[in-house]
Amino acid sequence: MTKNKSTEKKSYNFFEDVHAVAKLIPKGRVTSYGAIAAYLGTKMSARMVGWAMNSAHGDKKLPAHRVVNRIGLLTGKHHFKPPSAMQKQLEHEGIKVVKDKVQNFDKLFWDPSKELI
DNA sequence: GGTCTGACCGGCG
DNA sequence: ACGCCGGCCAGAC
């Protein structure tokens, strides 16, 4: 034990990873929590991804509005300052949102594990 | 220190 | 076809 790893924390890595991927989302594209989770290796724990967003709520660089659930539903819009801001942002990106749902979701879907390496 | 929740996903009845 | 339930990980009280 040449070094003490007791002070090491990899938990933070998870949060930073989610933030990093979220920032890498191209404009006009959307992704799902599960996709990010799978990219991080925790596909089963997609809940953590959305939660990581909540912790990064103060980071404007985090395009959380581009992150939706697997069906393209704006599940996290309720967490935005004005919930309507999420849809407005998506529409501003050129994404059509109807009834809090992303249209052409499968086309606008951006998979980090495929687009990114 | 134990318990609960949480912006999800997938399977089963 | 629809609804319900469990799972997984990490932070907050």
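Side chains are part of it too, since the values below use all heavy atoms of this structure and drop only hydrogens, waters and symmetry mates.
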Student: I'd like to check Trp51(A) versus Val18(A) (side-chain heavy atoms, cut-off strictly below 4.5 Å). Are they in contact?
Tutor: no
Student: Applying side chain to side chain donor-acceptor pair (under 3.5 Å), can you list everything that pairs with Gln87(A), at least two apart in sequence or on another chain?
Tutor: none
Student: Are Leu116(A) and Trp110(A) side-chain neighbours, meaning at least one heavy-atom pair lies under 4.5 Å?
Tutor: yes
Student: Does Glu93(A) reach the side chain of His65(A), with side-chain heavy atoms less than 4.5 Å apart?
Tutor: yes
Student: For Ala52(A), is there any backbone N or O sitting under 3.5 Å from a side-chain donor or acceptor partner on His57(A)?
Tutor: no
Student: Taking a pair as Watson-Crick or G-U wobble with both distances under 3.5 Å, which nucleotide is matched to dA7(B)?
Tutor: none
Student: I need the Tyr33(A) OH to Ser45(A) OG distance, nearest 0.5 Å.
Tutor: 15.5 Å
Student: Separation of Trp51(A) atom CH2 from dC8(C) atom C1', in whole Å?
Tutor: 12 Å
Student: So if I take residues 86-111 of chain A and measure heavy-atom distances to DNA chain B, which residues fall below 4.0 Å?
Tutor: none
Student: Looking at every heavy atom in both Leu73(A) and Asp100(A), which two are closest together, and how far apart are they?
Tutor: CD1-O, 3.2 Å
Student: Check the pair Thr42(A), Met48(A) against side-chain contact (heavy atoms from CB on, under 4.5 Å), reporting the backbone distance first and the verdict last.
Tutor: CA-CA 9 Å; Thr42(A) 54; Met48(A) 269 67 269; 5.7 Å; no
Student: Using a cut-off of strictly less than 4.0 Å between a heavy atom of the residue and any atom of DNA chain C, enumerate the qualifying residues of residues 63-81 of chain A by number.
Tutor: none
Student: Reading DNA chain B from 5' to 3', where do the contacts with chain A start and stop? Cut-off is 4.0 Å to heavy atoms.
Tutor: dG6(B) to dG10(B)
Student: Under 3.5 Å, side chain of Arg66(A) to main-chain N/O of Thr31(A), donor-acceptor pair present?
Tutor: no
Student: Ala37(A) and Ala46(A): which non-hydrogen atoms are nearest, and at how many Å?
Tutor: CB-CA, 3.8 Å
Student: Check DNA chain C against residues 34-49 of chain A and give the residues with a non-hydrogen atom under 4.0 Å, in numerical order.
Tutor: Met44(A), Ser45(A), Arg47(A), Met48(A)
Student: When the C1' atoms of dC4(B) and dG6(C) are considered, how many whole Å apart are they?
Tutor: 16 Å
Student: If you link ILVMFWY side chains whenever their heavy atoms are less than 4.5 Å apart, which other residues fall into the same cluster as Ile95(A)? By chain and number, please.
Tutor: Val30(A), Val68(A), Leu74(A), Phe80(A), Met86(A), Leu90(A), Val97(A), Val102(A), Phe105(A), Leu108(A), Phe109(A)
Student: Are any of the side-chain heavy atoms of Asn69(A) and Ser32(A) separated by less than 4.5 Å?
Tutor: no
Student: Take atom NZ of Lys88(A) as the centre, draw a 6.0 Å sphere, and report whether it contains more than 12 heavy atoms from other residues, nucleotides or ligands.
Tutor: no
Student: Expressed as a whole number of Å, how far does the P atom of dG1(B) sit from that of dC9(C)?
Tutor: 22 Å
